[in-house]
Each structure stands twice: as structure tokens, then as C-alpha cells.
Amino acid sequence: MTQEKAIRYLRITAILEGISYLALFLITMPLKYLAEVTLPNYIVGIAHGYLFLTYCVLTVICWRKFMWKFPDFLKLFIASLLPFGTFYMDSKFLKHEEAALK
């Protein structure tokens, strides 16, 4: 995988993971617990789980490929645990890393 593809895949996954995180907690969790509609929570939960794992794996791959400092890697990982964290890291870190490759 080239450096350009690696950072592009990480950025796309970061955005999708962030969207799935927000959908899970702002839409499907209230549906599950307030309206007792469980199927959307199940589907979005599975999608979010796969996206979270993919984000974590891609973060490790990019950390090694780009030889980022450990604090940068840690910030990227912690961002996946916080609402809006992946959006923030995409705009403040990943976008600049991708631009530096061009």
C-alpha cells in the first residue's frame, strides 16, 4: 500500500467511524431505549465495531509507515474513543499529513 493510499484510507475511515459513532449514540440508542426499536442499533453497532477496528488497524499501519511520533499515534487512537474526535484529528492532523505527501 502506498503512503498516499494509506493516509487516504485512514481519513475516509476516520470520517465514517465518526459518523457511525454519532449515529449509534444520537439516533439508534434513543430508539432502542426510548421506543424499544432494536434493529437499527444492532446494525449500526456492528458497522461501528468494524469501522472502529479498521480505524485502529489503519492508525497502526500509518504510524509505522510514516514513522509518526508516539504522542501523535496516541492522539489518533484516543480520538476514536471521543465523540467528534476523529473529525477533529482529520482536520487538524490527517489533512496536513496528506497535503505534505503532495
Side-chain angles (χ1 to χ4, degrees):
M1 180 182 321
T2 65
Q3 288 185 330
E4 291 84 8
K5 281 187 180 180
I7 197 79
R8 171 60 61 185
Y9 291 153
L10 180 58
R11 288 191 69 204
I12 291 169
T13 304
I15 298 301
L16 292 175
E17 195 273 340
I19 291 169
S20 71
Y21 191 160
L22 294 175
L24 186 66
F25 288 103
L26 296 178
I27 299 169
T28 65
M29 293 293 267
L31 280 174
K32 179 180 178 180
Y33 291 108
L34 299 176
E36 297 180 12
V37 178
T38 60
L39 184 61
N41 192 59
Y42 178 75
I43 294 168
V44 174
I46 289 174
H48 174 69
Y50 283 119
L51 287 166
F52 173 77
L53 292 174
T54 304
Y55 176 82
C56 291
V57 168
L58 286 172
T59 300
V60 170
I61 289 170
C62 286
W63 172 49
R64 305 286 285 165
K65 186 175 283 286
F66 293 101
M67 294 186 291
W68 290 333
K69 296 175 185 168
F70 185 73
D72 292 332
F73 165 75
L74 199 57
K75 287 178 197 173
L76 283 166
F77 180 74
I78 290 171
S80 69
L81 304 174
L82 303 172
F84 302 104
T86 56
F87 301 125
Y88 178 79
M89 288 307 291
D90 177 57
S91 68
K92 296 297 181 186
F93 183 75
L94 296 175
K95 187 186 297 183
H96 300 292
E97 290 292 319
E98 184 179 32
L101 292 174
K102 295 181 180 180

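All residue numbers refer to positions in the sequence shown, counting from 1.
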Requested in this report: Please name all residues satisfying side chain to side chain donor-acceptor pair (under 3.5 Å) with Ser80, sequence neighbours left out, ordered by chain then number.
Outcome: none
Report task. Sequence neighbours left out, what pairs pass side-chain hydrogen bond (donor to acceptor under 3.5 Å, both in side chains) with at least one residue falling in residues 49-75? Result -> Trp68-Glu97
Query raised in the report: How about Phe66 and Leu10: do any of their side-chain heavy atoms sit closer than 4.5 Å?
Result: no
Query raised in the report: In terms of hydrophobic clusters joined by side-chain contacts under 4.5 Å, are Leu58 and Leu101 together?
Result: yes
Report task. Sort and list the pairs that fulfil salt bridge (charged side-chain N to carboxylate O under 4.0 Å, His left out) and have at least one residue in residues 8-27, not counting sequence neighbours. Result -> Arg8-Glu98, Arg11-Asp90, Arg11-Glu98
Report task. Mind listing the closest non-hydrogen atom pair of Ser91 and His96 along with its distance? Result -> O-NE2, 3.5 Å
Query raised in the report: Is there a path from Met1 to Leu94 through hydrophobic residues (I, L, V, M, F, W, Y) whose side chains come within less than 4.5 Å of each other?
Result: yes
Report summary line: Value for CG (Leu76) from SG (Cys56), rounded to nearest 0.5 Å, stands at 10.5 Å
Requested in this report: Count the heavy atoms belonging to other residues, nucleotides or ligands that lie under 6.0 Å from CZ of Phe73, then report whether that count exceeds 12.
Outcome: yes
Query raised in the report: Phe25: what forms a side-chain contact (heavy atoms from CB on, under 4.5 Å) with it, not counting sequence neighbours?
Result: Tyr21, Met29
Requested in this report: Could you identify which residues cluster with Leu16, counting Ile, Leu, Val, Met, Phe, Trp and Tyr as linked when any side-chain heavy atoms lie under 4.5 Å apart, either directly or through a chain of such contacts?
Outcome: Ile12, Leu51
Requested in this report: Please state whether the rings of Phe87 and Phe84 are parallel, tilted or perpendicular, taking 30° and 60° as the class boundaries.
Outcome: tilted
Query raised in the report: Are Ile19 and Leu26 joined in one hydrophobic group, where the rule is that I, L, V, M, F, W and Y side chains link up if heavy atoms are under 4.5 Å apart?
Result: yes
Requested in this report: Is it possible for you to say whether Phe70 and Val60 belong to one hydrophobic cluster, with membership spreading through side-chain heavy-atom contacts below 4.5 Å?
Outcome: yes
Query raised in the report: Does Leu82 have any side-chain contact (heavy atoms from CB on, under 4.5 Å) partners at least two apart in sequence or in another chain, and if so, which?
Result: Ile78
Return a table of donor-acceptor pairs under 3.5 angstrom between the side chains of residues 31-46 and protein atoms on other chains or two or more places apart.
| from | atom 1 | to | atom 2 | distance (Å) |
| --- | --- | --- | --- | --- |
| Asn41 | OD1 | Thr28 | OG1 | 3.0 |

Report summary line: In terms of heavy-atom contacts, Ala6 and Cys62 come closest through O-SG, 3.6 Å
Query raised in the report: Tyr9, Ile7: one ILVMFWY side-chain cluster at the under-4.5 Å cut-off?
Result: yes
